[in-house]
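In what follows, a single structure is set out as structure tokens and then discussed.
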Amino acid sequence: MFYHKRLIEFGQLTLSICGIIAVWWIVAGSGAISQDLFPTPALVFWAAVELYQDGVLISDLKVSMTRAGIGFSIGATLGILIGLLTARVSIISIALEPLLTLLRPIPAIALVPIAIVWFGIGEGSKYFVISYTVFLAVWLNTHSGAKQVAGTYIKASRSLGASRFREFFEVIIPASAPHIVVGLRLGAALAFLSLVAAELSGASAGIGFRLQDARQYIRTDRMFVGLIELGLLGAALDMVFVSISNRLVHWENA
Amino acid sequence: MNAKVHNDSHLSDIGRIDIEGLSIEFKSPDGGIVHALAKTDLVIEAGSFVSLIGPSGCGKSTLLNAVAGFVQAATGSIKLDGIEVNGINPDVGVVFQQYALFPWFSALGNVEFALKRFSLSKAERRDRAMAALKEVELEGRENMFPGQLSGGMRQRVALARTFVSEPKVYLMDEPFGALDAQTRIVMHDILLRVWEAHKATVLFVTHDVDEALILSDKAHIMSSGPGRIIETIEIDTERPRRVDAIDQDFITNRNRIIGLLRKPSE
């Protein structure tokens with residue numbers, strides 16, 4: 001029964017993708033738009049093969065994934081830690097909340113110039129921009145989750161004789177976990193956005209750099225390769241996240 | 001273990017609550033003061049089963065929350081076996097209306113949570129938690145999570161989690177309010193069995209008169225504006241009691257309580 005449903009879902013997905021490619025092909029192949037500006041799927045496919053043979057397709061992927069991974073790890077760790085603290089420790093909340101509220105509306109792209117001045121055009125500035133974006137998303141969700149922990153859980157925990165330490169690890173953290181997981185998922189998506197923002201200026205490898213590089217030679221086919229890579233990577237990552245988080249906070253969908 | 005316990009023989013010498021001149025006030029959102037509980041004196045005998053009955057706003061939950069240490073007294077004192085209750089205290093166990101089970105722990109994990117404050121070995125902790133679950137007839141369900149259990153089963157886990165650490169007092173705030181009538185009858189049997197086996201004092205909040213009459217030794221009838229106890233009724237009906245075998249005493253008490261609850265307050 002379950003397997004059957006999966007099969008139907010897979011069929012629908014395949015059909016939908018084939019449909020999109022077909023429409024794309026018809027529009028690009030109609031001659032209404034120059035193929036230099038809007039390449040057909042075949043041209044994009046061959047551009048990908050070419051990039052693969054040059055060795056840059058895989059190396060760009062590795063570079064970008066590493067940046068996103070490291071930036072995400074730093075941002076997510078800090079976001080969870082500080083989010084738990086700002087939600088549950090009033091001194092830290094008073095000290096940090098206004099600052100974080102001010103930082104929140106600043107988009108990642110706006111940080112690229114200052115990051116380059118501070119950390120140079122090397123990896124440091126990329127990690128900074130990515131981890132900053134991830135941090136804000138994870139902090140915000142962790143904070144609101146840990147702030148809303150139901151009073152009855154706390155009362156129950158204390159009247160069962162739990163220490164504050166045990167209350168934090170066995171009650172506050174699991175009770176906030178569903179929100180933390182949402183923050184991490186959002187953070188993963190944002191890591192990709194800010195990755196490209198960081199790579200568009202001052203990088204010598206990576207998917208973002210390759211997009212910028214292709215622009216210099218007006219290689220729209222290569223640009224499409226980069227865009228599709230980003231789309232596929234992001235979607236795959238999200239799927240992995242959803243399945244991990246369903247297992248992690250299994251009681252949420254019980 | 002012991003022969004079936006009847007009437008007053010369950011009274012023990014631990015778990016006596018002395019409430020003297022207790023009053024409780026809340027700040028209302030508009031800055032005024034709400035008198036949730038007017039000055040109240042009350043003695044709850046060790047090992048007795050006492051109910052608080054009354055309409056919403058009569059202060060029955062407030063009184064229970066004060067004994068639990070969840071709310072501060074404006075005046076007066078609460079003593080448990082002669083020792084003043086200051087804040088939350090694991091000698092006083094609480095069973096909440098909304099269960100308050102931790103959904104991220106299994107049934108076993110929830111019960112074990114209550115045992116972690118003792119320095120027990122892992123095996124010992126597990127054995128005691130398993131024994132408690134067995135007592136509430138949840139053998140074989142220990143690895144299920146609260147979300148997979150019915151309302152009645154959840155409340156049985158909550159009960160096991162409370163009595164497993166042998167508190168002197170169980171505070172129960174409308175614990176069976178959300179359950180259907182049949183499940184409630186089963187829960188009453190389980191609760192009485194646990195109470196008799198563990199010799200604790202029970203303070204039970206309800207608005208169900210029959211529930212109070214089936215369970216308690218004594219029922220305090222409360223009224224609102226301000227919250228206070230207006231009448232105390234001793235329930236002498238022989239135990240074990242059954243809802244399907246009620247006697248004249250039961251009916252007399254029932255009529256009297258409902259009559260009191262009907263009287264408009266003020």
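Quick caveat, the model's predicted, so the values are computed rather than measured. A, B, ... follow the sequence lines: proteins, then strands. Residue 1 opens every chain.
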Using heavy atoms and a sub-4.5 Å threshold, report which of residues 63-95 of chain A line up against chain B, by residue number. none
Using non-hydrogen atoms and a limit below 4.5 Å, what part of residues 162-180 of chain A faces chain B? A/A162, A/R166, A/E170, A/V171, A/P174, A/A175
Options A/S157, A/A150, A/G151, ranked by heavy-atom pairs under 4.5 Å with chain B, top entry: A/S157
How far apart are the closest heavy atoms of B/P103 and A/W251, and which atoms are they? O-CB, 3.2 Å
In Å, rounded to the nearest 0.5 Å, how long is the span from CZ of B/F70 to CD1 of A/I154? 11.0 Å
What distance separates A/T152 OG1 from B/F102 CZ, expressed to the nearest 0.5 Å?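 Separation between the atoms: 8.5 Å.
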With a 4.5 angstrom heavy-atom cut-off, could you sort out which part of B/L101 is near chain A: side chain, backbone, both or neither?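 For B/L101, the backbone is the part near chain A, not the side chain.
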Contacts with chain A made by residues 108-137 of chain B (heavy-atom distance under 4.5 Å), listed by residue number: B/F113, B/A114, B/K116, B/R117
Taking atom CD of B/Q72 as the centre, does the number of heavy atoms from other residues, nucleotides or ligands within less than 6.0 Å exceed 12?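 No - once you tally the heavy atoms of other residues, nucleotides and ligands closer than 6.0 Å, there are 12 at most.
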Contacts of B/S23 that satisfy side-chain hydrogen bond (donor to acceptor under 3.5 Å, both in side chains) - sequence neighbours left out: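 B/T75.
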